[in-house]
Amino acid sequence: MAYNSIILRLELSLNQVNFGDVASAISKAGGDITSIDIIRPGHEVTVRDVTVHVADTAESKVVEAIKSLDGIRLVNVSDRTFLAHLGGKISVQPTLPIKNRDDLSIVYTPGVARVCTAIHEDPQKAYSLTIKRNTVAVVTDGTAVLGLGDIGPHAAAPVMEGKAMLFKQLAGVDAFPICLDTQDTEEIIRTIKAISPIFGGINLEDISSPRCFEIETRLSEDLDIPIFHDDQHGTAIVVIAGLLNALKVVGKRMDQVRIVVNGIGAAGVSICKMLLAAGVKRLVPVDRDGAIIRGGDYSHPMWAWLAEQPQVEANPGSLHDMISGADVFIGVSRGGLLGGNDVQKMARDSIVFAMANPEPEIDPKEAIPHVRVFATGRSDYPNQINNVLVFPGIFRGALDCRARRINEPMKLAAARAIASVVSERELNDQYIIPSIFNEQVVIKVRNAIVEAAILTGVSRRIPHDFR
Ligand SMILES: NC(=O)c1ccc[n+]([C@@H]2O[C@H](COP(=O)([O-])OP(=O)(O)OC[C@H]3O[C@@H](n4cnc5c(N)ncnc54)[C@H](O)[C@@H]3O)[C@@H](O)[C@H]2O)c1
Ligand SMILES: O=C(O)C[C@H](O)C(=O)O
Ligand SMILES: [Mg+2]
């Protein structure tokens, strides 16, 4: 059970209620008071901040208990998560101070003009004389935010700011969130192209399918900086990494296992493609209406492509039918679709990656008793399979070698690099994938990306440590 610290700002009319009533109401509802701050003292009316430690399942009970008391106005409820978001999670810092007029004339007019002219004469100098070298745009239209769906560009921002924090903390990459107020494919492509000159790479995020495929393909054709749709390729890379290790744990091979992938959107399509490239022979893609079958007729371009693949099964059926006998289940759809009875029908030593965020496809408590290797996208269970293991190192490598693009060999190299962080000795059911705090992850992914970029001819610079 997850616990939270919530802060209740209460206005108390002291002739109607005393603090003892408040304390006992909170305690009866399941909360523990950990501190009390007087915000506004007074003999008749007083305002206090009461911090309460409470299980997230009891949070609403505490709030209701307070509301039911006479003489109390609940001014505000905030929790640590919300407080951590106050004012946003990132800021822009200059790299040098401006202390006097001399400094000013260097970083600004007139000195700056000479630098502008130099870049005008040789545009490649933008990489050495501006932030382009180390800056990535995290671009969304807010249409497929986690598993929350189309919640719009404003509501998407906290996820994009979070990605920017992770880029910086894990890989030293400066990333900036761009939340677009349009869902029109052409307008998104035009806008990203128009803002691209300052960026060394574009990380597309939480853009729903099928528009995300065209947006990424067209931008990759038209721009000479790497375009990477995190939900497609970041996810596919980390899934392959986890699966390589999980298969070792259960002693099965990629070409032997039957794999069900549920949710054939951005992440699901890319996972299916990468599984086929990795040698999977029995694949069952499933979306809302059941299995996507070989020989089926689909208007969705990627589903139509899947229907032509010989490794895709031809039997129709629902997810509940299809999961029966499967060795591996990979969920990138939405939360709460499966129960313990579903995973119980899987083959011996089954592997379940329930990766919908924030709620996985199956409640871990229901899955774990029936499954040999279980993973989610969340940080509060073992085996966190999340694209955060991928995007920082991918862009660190791509920026360091000024890669024009991120191609298939680079993605496969990144997956192998992540898997290799867990040694054979360490590998077990509960540890198939390294922690994001394992410093080896970014280093190994970055090196794998640089090496594969050089080998495949998409790098424009050889980093010092590769010379
Ligand atoms: N753990 C990770 O690193 C990670 C990475 C990417 C995406 N995800 C999660 O995967 C999910 C999908 O993300 P996306 O970017 O691919 O979104 P998307 O909108 O592109 O695709 C979602 C797909 O799931 C399908 N779907 C919805 N309900 C379904 C159901 N009941 N049964 C089967 N299919 C269903 C939709 O039709 C769609 O095709 C989200 O929950 C997201 O948070 C996790
Ligand atoms: O944001 C995450 O935690 C992973 C992924 O990008 C998602 O959309 O769920
Ligand atoms: Mg995402």
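Counting starts at 1 for both ligands and their atoms, following the listed order. Here, residue 1 is the first one in the sequence, and each next residue gets the next number.
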Okay, side chain of T185, backbone of R211: is any donor-acceptor separation there less than 3.5 Å? no
Using only atom types and a distance under 3.5 Å, with no angle test, would you say the side chain of E426 pairs donor to acceptor with the backbone of Y431? no
Nearest neighbour of atom 24 (O) of ligand 1 from the list G290, G263, A267, P358, on a heavy-atom basis: G263
Give a yes or no on whether the backbone of I227 and the side-chain of R405 come within a donor-acceptor separation of less than 3.5 Å. no
May I ask you to list the atoms of ligand 1 that are less than 4.0 angstrom from any heavy atom of S209? 20 (O)
Among D231, V239, D289, I385, closest by heavy atom to atom 1 (N) of ligand 1 is I385
Protein residue, atom and distance nearest to atom 3 (O) of ligand 1, heavy-atom basis: N387 N, 2.9 Å
Pick from V269, N262, I207, L319: the one approaching atom 32 (N) of ligand 1 most closely through a non-hydrogen atom: N262
Looking only at protein heavy atoms, which one is nearest to atom 25 (C) of ligand 1, and what is the separation? D287 OD2, 3.3 Å
At what distance is the nearest protein heavy atom to atom 30 (C) of ligand 1, and which residue and atom is it? L337 CD1, 3.7 Å
To the nearest 0.1 Å, how far is atom 5 (C) of ligand 2 from its closest protein heavy atom, and which atom is that? N387 ND2, 3.4 Å
Using a heavy-atom cut-off of under 4.0 Å, does the side chain or the backbone of D206 touch ligand 2, or both, or neither? side chain
If only atom types and distance count, is the side chain of D321 paired as donor or acceptor with the main-chain N or O of S318 below 3.5 Å? yes
What is the minimum heavy-atom distance between F437 and Q169, and which atoms define it? CE2-NE2, 4.4 Å
Atom 5 (C) of ligand 1 sits nearest the protein heavy atom T235 OG1, 2.9 Å
Backbone N/O of I264 and side chain of D287: donor-acceptor pair under 3.5 Å: yes
For atom 3 (O) of ligand 2, what's the nearest protein heavy atom and its distance? N386 ND2, 3.0 Å
Give the numbers and elements of all ligand 2 atoms closer than 4.0 Å to a heavy atom of N357. 2 (C), 3 (O), 4 (C), 7 (C), 9 (O)
Taking the Mg ion (ligand 3) as the vertex, what is the angle from OD1 of D231 to OD1 of D206, given to 10 degrees? 90°
N-O pairing of D206 and K163 below 4.0 Å: no
Number the atoms of ligand 2 from 1 as they appear, then name those within less than 4.0 Å of a heavy atom of D231, with their elements. 5 (C), 6 (O), 7 (C), 8 (O)
Tell me, please, if E205 has any N/O/S atom, main chain or side chain, under 2.8 Å from the Mg ion (ligand 3)? yes
Suppose I only count heavy atoms of L146 and a 4.0 Å limit; which atoms of ligand 2 are within that range? 1 (O), 2 (C), 7 (C), 8 (O), 9 (O)
Ligand 2 versus V145, non-hydrogen atoms closer than 4.0 Å: side chain, backbone, both, neither? neither
Distance to 0.1 Å, residue and atom name: give those for the protein heavy atom nearest to atom 19 (O) of ligand 1. A144 CB, 3.7 Å
Are any of the heavy atoms in M355 under 4.0 Å away from ligand 2? no
Check each of M160, K163, Q384 against atom 6 (O) of ligand 2 and report the one with the nearest heavy atom. K163
In terms of residue, atom name and distance, what is the protein heavy atom nearest to atom 34 (N) of ligand 1? R288 N, 3.4 Å
Which residue and non-hydrogen atom of the protein lie closest to atom 9 (C) of ligand 1, and at what distance in Å? M355 O, 3.6 Å
